[in-house]
Amino acid sequence: MRGFVIEELTEVPSNWRSEMSLDEYLRKWNIPGAKGIDTRALTRHLRTRGAMKACLTTERFRRRTQPKMAIEGEGVIGMDYVPR
């Protein structure tokens, strides 16, 4: 699965070649996203502690369910992102 994390989102596409906004693109391909995340701090955290499993969803779950979903997920070890 994949997701998109960003600190600040502009509502107006800034490239003349843009065919849709980022929000429209993510919705079209059913990619969950989160904004308002300090991506620099997240990068530092991951560099220090290594890759971790996580759960990013648009569904509503009980708080106890989300860690279980992350633990049961595939993880990133051995995953090839190039074809995607």
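This chain uses plain numbering: 1 for the first residue, then up along the sequence. Scope of the values below: all heavy atoms of this structure, side chains included, with no hydrogens, waters or symmetry mates. Just so it is clear, the model here is predicted, and its values are computed rather than measured.
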K.L.:
Only pairs under 3.5 Å count here: list side-chain donor-acceptor contacts from residues 40-51, not counting sequence neighbours, and write none if there are none.
P.N.:
residue	atom	partner	partner atom	Å
T43	OG1	T39	O	2.8
H45	ND1	R49	NH1	2.8
T48	OG1	R44	O	2.9

K.L.:
Please list all pairs passing the salt bridge (charged side-chain N to carboxylate O under 4.0 Å, His left out) test where one or both residues lie in residues 8-21, with sequence neighbours left out.
P.N.:
none
K.L.:
Do you know the tightest heavy-atom contact between F4 and L22?
P.N.:
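Heavy atoms of F4 and L22 come nearest at CE2-CD2, 3.4 Å.
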K.L.:
Do other residues, nucleotides or ligands put more than 12 heavy atoms under 6.0 Å from Y25 OH?
P.N.:
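Atom OH in Y25 is not crowded, with 12 or fewer foreign heavy atoms closer than 6.0 Å.
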K.L.:
Do E7 and K35 have side chains that approach each other closer than 4.5 Å (heavy atoms only, starting at C-beta)?
P.N.:
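Not in contact.
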K.L.:
Quick one: are I6 and I37 in side-chain contact, heavy atoms under 4.5 Å?
P.N.:
no
K.L.:
Who are the salt bridge (charged side-chain N to carboxylate O under 4.0 Å, His left out) partners of D23, not counting sequence neighbours?
P.N.:
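Checked D23 against salt bridge (charged side-chain N to carboxylate O under 4.0 Å, His left out); matches are R27.
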